[in-house]
Amino acid sequence: MQNDFIDLKKIKEGDIQTFERVFRYFYPRLYQYAFSITGQREQAEEIIQDTFYVIWKDRKKIQIFHSLQSYLFKSVRNRSLQYLEHLQVRDQYRENMVNQDITTSEPTPEEILEQKELEIILAQTIKRLPARCRQIFHMHRINGKKNREIAENLSISVKTVEAEMTKAYRILRKEVAQYIK
């Protein structure tokens with residue numbers, strides 16, 4: 001591998017061949033590293049791809065003070081740990097919801113009515129989403145597909161899927177906000 005600073009300089013200048021060479025050179029080791037932390041192959045791949053995506057996207061303003069290699073490994077470690085934290089928070093939330101379901105009593109007629117009204121509002125709001133946004137939302141939330149699967153099925157990037165999901169959630173939150181106390 002050439003000098004990291006020369007490669008970084010070329011990447012900052014938009015040299016795609018250098019970027020691809022760096023990607024191919026580091027990918028196997030970064031993948032193994034991410035996999036050793038997450039224990040999930042698909043997630044390890046996604047972490048590596050996201051890391052390189054950010055480098056390319058922010059190439060003009062990225063500041064690396066040590067080596068490109070150490071920057072890559074630190075980025076992958078941080079993203080992997082963030083993923084594990086996300087899993088932990090999600091699992092705690094699910095556990096709390098299960099515990100809450102066990103301890104709660106039967107819903108009152110008023111609560112049942114409010115729930116039905118909220119479901120109607122959600123259904124109407126989902127119908128009003130832009131077509132692609134609605135399709136992606138449906139594939140993710142109803143069919144349970146992962147962002148990568150949706151991106152492959154629709155021949156779009158994972159980032160586009162994420163952006164459309166963010167748009168859908170923003171619209172839904174705005175519509176539902178007035179009904180949540």
Side-chain angles (χ1 to χ4, degrees), residues 7-8 10-35 37-64 68 71-91 93-94 118-119 121-177 180:
D7 288 339
L8 184 58
K10 287 181 178 180
I11 290 170
K12 282 184 171 193
E13 294 169 353
D15 185 342
I16 191 74
Q17 282 117 2
T18 300
F19 179 77
E20 288 175 352
R21 183 174 45 76
V22 168
F23 178 84
R24 283 192 303 276
Y25 179 80
F26 284 108
Y27 185 89
R29 294 183 349 207
L30 291 171
Y31 171 80
Q32 287 298 326
Y33 186 53
F35 180 73
I37 295 171
T38 65
Q40 297 181 2
R41 295 184 189 285
E42 187 174 302
Q43 192 59 43
E45 289 176 3
E46 195 165 313
I47 287 168
I48 307 307
Q49 290 172 358
D50 285 348
T51 300
F52 277 96
Y53 170 77
V54 169
I55 288 173
W56 183 254
K57 183 180 73 136
D58 296 338
R59 68 186 174 275
K60 292 181 181 176
K61 59 185 173 188
I62 197 166
Q63 296 292 320
I64 298 177
L68 181 58
Y71 177 84
L72 288 169
F73 276 91
K74 285 179 184 175
S75 294
V76 167
R77 182 193 70 216
N78 291 341
R79 287 177 186 275
S80 298
L81 293 175
Q82 286 173 347
Y83 171 73
L84 292 178
E85 285 177 17
H86 169 74
L87 287 182
Q88 186 178 20
V89 168
R90 186 189 69 191
D91 291 345
Y93 175 77
R94 285 183 179 165
L118 187 58
E119 288 173 4
I121 291 165
L122 283 172
Q124 290 171 345
T125 304
I126 290 169
K127 285 180 184 177
R128 289 193 313 265
L129 289 173
R132 182 166 79 169
C133 185
R134 182 176 57 247
Q135 180 184 20
I136 290 170
F137 182 82
H138 188 270
M139 291 173 80
H140 182 71
R141 298 300 296 179
I142 309 301
N143 298 339
K145 293 192 179 286
K146 295 185 178 193
N147 290 354
R148 178 177 302 238
E149 292 175 280
I150 296 169
E152 289 171 2
N153 286 346
L154 300 178
S155 300
I156 57 177
S157 74
V158 173
K159 293 295 179 188
T160 301
V161 172
E162 291 171 358
E164 291 294 330
M165 286 300 296
T166 300
K167 183 192 307 180
Y169 285 133
R170 185 174 50 246
I171 292 169
L172 288 168
R173 254 188 250 111
K174 182 178 176 186
E175 288 293 320
V176 173
I180 298 177

Just by distance, do the side chain of [X] and the backbone of [Y] share a donor-acceptor pair under 3.5 Å?
X	Y	answer
Arg134	Leu129	yes
Thr160	Ile156	no
Asp15	Gln17	yes

Check: In terms of ring plane angle, is the pair Tyr169 and Phe137 parallel, tilted or perpendicular, where the classes change at 30° and 60°?
Finding: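 Rings of Tyr169 and Phe137: perpendicular, over 60°.
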
Taking atom [atom1] of [X] and atom [atom2] of [Y], what is their separation to the nearest 0.5 Å?
X	Y	atom1	atom2	value
Leu122	Arg141	CG	CZ	11.0 Å
Asn78	Phe73	CG	CZ	13.5 Å
Leu68	Ile55	CG	CD1	6.0 Å
Leu154	Lys145	CG	NZ	9.5 Å
Tyr53	Glu46	OH	CD	13.0 Å
Arg173	Thr166	CZ	OG1	8.0 Å

Does the distance from a Lys or Arg side-chain N to an Asp or Glu carboxylate O, for [X] and [Y], drop under 4.0 Å?
X	Y	result
Glu164	Lys167	yes
Glu175	Arg128	yes
Arg148	Glu45	yes

Item checked: Cation-aromatic face contact Arg77/Tyr33, 6.0 Å, 45 degrees ->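 No.
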
Nearest heavy atoms of [X] and [Y], plus distance in Å:
X	Y	value
Ile37	Ser80	CG2-CB, 3.5 Å
Arg59	Ile11	CD-O, 3.0 Å
Lys12	Lys60	O-CG, 3.9 Å
Val76	Thr51	CG2-OG1, 3.9 Å

Next item on the list: Under the side-chain contact (heavy atoms from CB on, under 4.5 Å) rule, what do Tyr27 and Leu30 come out as? Steps first, then yes or no, please.
Entry: CA-CA 5 Å; Tyr27 185 89; Leu30 291 171; 5.9 Å; no

Notebook entry, point to check: Which is it for Tyr83 and Gln40 under the side chain to side chain donor-acceptor pair (under 3.5 Å) test, yes or no, and what are the steps along the way?
Noted result: CA-CA 11 Å; Tyr83 171 73; Gln40 297 181 2; 2.5 Å; yes

Next item on the list: Please say whether more than 12 non-hydrogen atoms of neighbouring residues, nucleotides or ligands are located less than 6.0 Å from NZ in Lys146.
Entry: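 Open: at most 12 neighbouring heavy atoms sit under 6.0 Å from NZ of Lys146.
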
Next item on the list: Test Ile47 against Tyr31 for side-chain contact (heavy atoms from CB on, under 4.5 Å), laying out the working first.
Entry: CA-CA 8 Å; Ile47 287 168; Tyr31 171 80; over 6 Å; no

Next item on the list: Just jot down the salt bridge (charged side-chain N to carboxylate O under 4.0 Å, His left out) partners of Asp50, sequence neighbours excluded, or say none.
Entry: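 Applying salt bridge (charged side-chain N to carboxylate O under 4.0 Å, His left out) to Asp50 gives Lys159.
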
Next item on the list: Any chance you could lay out the side-chain contact (heavy atoms from CB on, under 4.5 Å) test for Val54 and Arg79, step after step, and finish with the verdict?
Entry: CA-CA 12 Å; Val54 169; Arg79 287 177 186 275; 3.1 Å; yes

Notebook entry, point to check: After noting the C-alpha distance and the side-chain angles of Leu8 and Ile62, does the key distance pass the side-chain contact (heavy atoms from CB on, under 4.5 Å) rule?
Noted result: CA-CA 9 Å; Leu8 184 58; Ile62 197 166; 4.1 Å; yes

